[in-house]
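Okay, so here's the structure we're looking at.
Worth knowing before you read on, the calculation uses all heavy atoms, side chains too, and leaves out hydrogens, waters and symmetry mates. Because the structure is predicted, anything quoted here is derived from the model rather than measured.
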Amino acid sequence: MKKINKKSTKLCLLLICFTFALLTLNIKVSGHDQSPDVTFEDCVSGNRWFKLLNWHISDEVPTIKYYFCEGLTYNELGIYSVHNFHSWTVSKPSGSYEISEIKQYLSEGIRNWGNIKIAQYDSSGQLLGYTQLVNVEEGNRNDYNVIICPHQNLGGGTVADMWRMNMNLNTYHADHFRFRFDAEHFFNEYGIVRDPDEAISVASHEIGHMLGLNDMYADLCNGSMHYHDEILMGYNSTITYKDVAGVSINRGIHTDSDHIWQMYKISNNKYYVRCLLCNGIKSVTALAYSQSYSLVSCSPTSHSSTGGNLIPVASMGDQHVLRCKFCDTFVYEDHDYEWNYNLHSHMWKCTICAAEKETVSHTMVYTGNITDEGHERICVDCDYLVYITHAFYYTPIYRFGIPTLQHEKRCWNCDFYVKENHEPLPNGENCCTY
């Protein structure tokens with residue numbers, strides 16, 4: 001659920017969060033197909049990254065298919081219809097306006113989840129590759145798993161919410177969801193979207209619920225409240241790796257088989273370790289892990305992508321995310337693309353996380369390096385270079401309209417040509433049209 005004026009709700013949330021924190025402190029992940037054998041506590045250094053809902057879309061559903069309910073009647077909406085269904089118009093003092101403009105921003109917020117890939121490691125800490133978190137595409141009235149409808153007066157300062165439908169009580173999986181947004185809130189008096197970035201953020205937040213993330217505005221830690229400005233499911237406006245880590249558990253991507261441990265304290269003859277990828281913690285009597293880093297204070301200069309302290313954890317849109325092995329630092333940086341090419345095409349590929357741009361055909365030009373046997377061509381967009389053997393054709397040479405004893409031998413594909421005397425071809429035919 002997303003509310004307006006989030007910062008101003010902190011005092012109102014204090015009592016609610018205090019009670020909820022007492023109930024959920026040291027909570028163990030449950031209700032999921034792949035539950036890591038770790039706990040997620042509020043007061044670990046770095047604090048809690050996420051709270052998982054027991055209900056979410058099944059990890060066996062590879063694609064979120066969203067559909068705007070325009071064109072459906074009230075009866076057709078069926079179980080997705082709740083009070084105050086609103087048409088795709090909004091009434092303001094200056095008139096009535098179509099509100100379809102908001103669809104592009106809600107779509108962008110939803111599609112942001114489809115631009116994320118998770119780094120996966122083996123038990124020895126070696127990077128195996130990247131796995132798509134979830135696919136996202138626009139559905140239609142006959143094929144969707146989340147329907148988006150405008151409403152009004154959602155109450156309590158709420159501007160949007162997500163409801164699960166047809167939930168299986170054995171698996172806690174729901175096969176359909178309904179996403180409502182307050183039509184009045186997002187438009188100004190002239191029917192124009194007030195803040196496109198807010199609409200994008202709200203859509204990403206609500207899909208976070210569909211993927212199994214709970215709201216996490218504040219935690220009680222050592223008697224004081226910690227407000228989560230650093231995550232989407234708190235007060236942040238964009239998806240962060242900490243949000244992604246929770247979804248990767250719900251979707252069975254991150255499991256006990258790919259924890260990378262960092263030891264953060266020793267107490268009562270026990271070692272306390274936490275996973276660099278999910279922040280899950282556990283205590284052990286001996287460090288028997290092939291990869292276990294110690295928590296230390298790093299200098300800012302140690303957090304360059306080439307410094308050796310960082311490991312890639314995700315690719316998110318135009319950036320990849322790196323995590324320090326020795327402290328709490330995350331680094332978000334733009335992809336470092338270089339050309340990766342073959343005979344027919346090339347693509348941009350990130351040197352850090354292997355993210356790829358779309359494949360495009362080479363645009364080849366001549367380098368000017370021409371020999372008697374062939375010529376070089378290079379792509380103007382990358383450094384792909386190829387040497388091509390000449391393909392010849394022959395043109396007779398005339399003088400004052402009279403054919404001479406010579407012809408030009410020219411390459412079809414470059415400017416190379418030579419003059420040479422006529423010679424019969426091996427099959428006895430003339431070498432040119434002479």
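- With contacts defined as side-chain heavy-atom distances shorter than 4.5 Å, the pair Thr389/Glu373 does not qualify.
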Using side chain to side chain contact (heavy atoms under 4.5 Å, CB included), reason through Ile102 and Trp88 one step at a time and then give a plain yes or no. CA-CA 10 Å; Ile102 199 172; Trp88 288 87; 4.2 Å; yes

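- Taking OH of Tyr105 as the start and CG of Asp197 as the end, the distance is 9.0 Å to the nearest 0.5 Å.
- Of all heavy-atom pairs spanning Pro150 and Ile99, the tightest one is CB-CD1, 4.1 Å.
- The two residues His185 and Arg194 make their nearest non-hydrogen contact at O-NE, 2.7 Å.
- The shortest distance between side-chain heavy atoms of Asn145 and Ile57 falls below 4.5 Å.
- Centroid-to-centroid, the aromatic rings of His259 and Tyr121 stay 6.0 Å apart or farther.
- Using a distance-only test at 3.5 Å, with no hydrogens or angles considered, a donor-acceptor pair links the side chain of Asp256 to the main chain of Asp37.
- Proximity of His209 to Phe179: side-chain heavy atoms (C-beta onward) are nowhere separated by under 4.5 Å.
- The closest donor-acceptor contact from the side chain of Gln262 to the backbone of Lys325 lies under 3.5 Å.
- Remark: of the listed residues His375, Glu376, Arg377, Glu376 is the sole one forming a side-chain hydrogen bond (donor to acceptor under 3.5 Å, both in side chains) with Thr367.
- When all heavy atoms are compared, the tightest approach of Val61 to Arg251 is O-NH2, 2.5 Å.
- Remark: of the listed residues Met210, Lys103, Glu137, Glu138, Glu138 is the sole one forming a side chain to side chain contact (heavy atoms under 4.5 Å, CB included) with Tyr66.
- Counting heavy atoms from C-beta outward, Cys275 and Trp261 have side chains that approach closer than 4.5 Å.
- Taking the side chain as every heavy atom from C-beta outward, Tyr67 and Arg141 approach each other to under 4.5 Å.
- Between Leu106 and Phe181, some side-chain heavy-atom pair lies under the 4.5 Å cut-off.
- Counting non-hydrogen atoms of neighbouring residues, nucleotides and ligands closer than 6.0 angstrom, the CG atom of Asp318 reaches no more than 12 such neighbours.
- From Tyr97, atom OH reaches atom CD of Glu189 across 8.0 Å, with rounding to the nearest 0.5 Å.
- Remark: the His228 side chain and the Asn236 side chain contain no N/O donor-acceptor pair separated by less than 3.5 Å.
- Sparse packing is recorded around OH of Tyr417, with 12 or fewer heavy atoms of other residues, nucleotides or ligands lying under 6.0 Å away.
- Using a distance-only test at 3.5 Å, with no hydrogens or angles considered, a donor-acceptor pair links the side chain of Asn250 to the main chain of Leu211.
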Decide yes or no on side chain to side chain contact (heavy atoms under 4.5 Å, CB included) for Ile378 and Val365, but give the supporting numbers first. CA-CA 5 Å; Ile378 192 170; Val365 297; 4.0 Å; yes

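- Residues Ile249 and Cys278 come closest through the heavy atom pair CD1-CB, 4.1 Å.
- Side-chain atoms of Thr240 and Tyr332 form no donor-acceptor pair, as typed in the model, at a separation below 3.5 Å.
- Note: Phe392 and His390 have tilted aromatic rings, judged against thresholds of 30 and 60 degrees for the angle between ring planes.
- Here CH2 of Trp113 is found 9.5 Å from CD1 of Ile207. Values are rounded to the nearest 0.5 Å.
- A tilted orientation is assigned to the rings of His335 and His320, their planes being inclined by 30° to 60°.
- A donor-acceptor distance shorter than 3.5 angstrom exists from the side chain of Asp243 to the backbone of Met233, with no hydrogens or angles considered.
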Evaluate the side chain to side chain contact (heavy atoms under 4.5 Å, CB included) criterion for residues Ile148 and Ile110: first the C-alpha distance (whole Å), next the side-chain angles of each, then the deciding distance (0.1 Å), finally the verdict. CA-CA 11 Å; Ile148 306 167; Ile110 297 171; 3.5 Å; yes

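- Scored by the side-chain contact (heavy atoms from CB on, under 4.5 Å) test, Thr329 finds His303, Cys324, Cys327, Val331 as partners (sequence neighbours excluded).
- Proximity of a side-chain donor or acceptor of Glu101 to a complementary backbone N or O of Ile192 within less than 3.5 Å is not detected.
- In this view, Asp415 satisfies the salt bridge (Lys or Arg N to Asp or Glu O under 4.0 Å) rule with no residue, not counting sequence neighbours.
- The salt bridge (Lys or Arg N to Asp or Glu O under 4.0 Å) test applied to Arg111 returns no partner, not counting sequence neighbours.
- Remark: Leu276 CG to Arg323 CZ distance equals 5.0 Å, nearest 0.5 Å.
- To the nearest 0.5 Å, atom OH of residue Tyr144 and atom NZ of residue Lys65 are 12.5 Å apart.
- Atoms CG and CG, on Asp59 and Leu133 in that order, are 11.0 Å from each other to the nearest 0.5 Å.
- In this structure, Tyr387 contributes its side chain and Gly374 its backbone to a donor-acceptor pair below 3.5 Å.
- Ring-centre distance between Phe330 and Tyr241: below the 6.0 Å cut-off.
- Taking the six-membered ring wherever Trp is involved, the centroid distance between the rings of Tyr227 and Tyr217 does not fall below 6.0 Å.
- Between the side chain of Glu206 and the main chain of Met162, a donor-acceptor pair closer than 3.5 Å is present.
- In this structure, Asp161 pairs ionically with Arg178, as a charged nitrogen and a carboxylate oxygen lie closer than 4.0 Å.
- Side-chain contact between Phe40 and Trp49 is absent, with no heavy-atom pair separated by less than 4.5 Å.
- Residues Phe187 and Val193 meet the side-chain proximity criterion, which asks for heavy atoms closer than 4.5 Å.
- Across Ser201 and Leu232, no two heavy atoms sit closer than the pair O-CD1, 4.1 Å.
- Taking the centre and axis of the six-membered ring of Phe177, the NZ or CZ atom of Arg164 falls outside the cone set by 45° and 6.0 Å.
- Across Ile239 and Ile116, no two heavy atoms sit closer than the pair CG2-CD1, 4.0 Å.
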Chi angles and distances behind the side chain to side chain contact (heavy atoms under 4.5 Å, CB included) call for Gln120, Ile253: CA-CA 8 Å; Gln120 290 196 278; Ile253 298 173; 3.7 Å; yes

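- Of the possible polar contacts, one joining the Ser248 side chain to the Ala245 backbone as a donor-acceptor pair under 3.5 Å is found.
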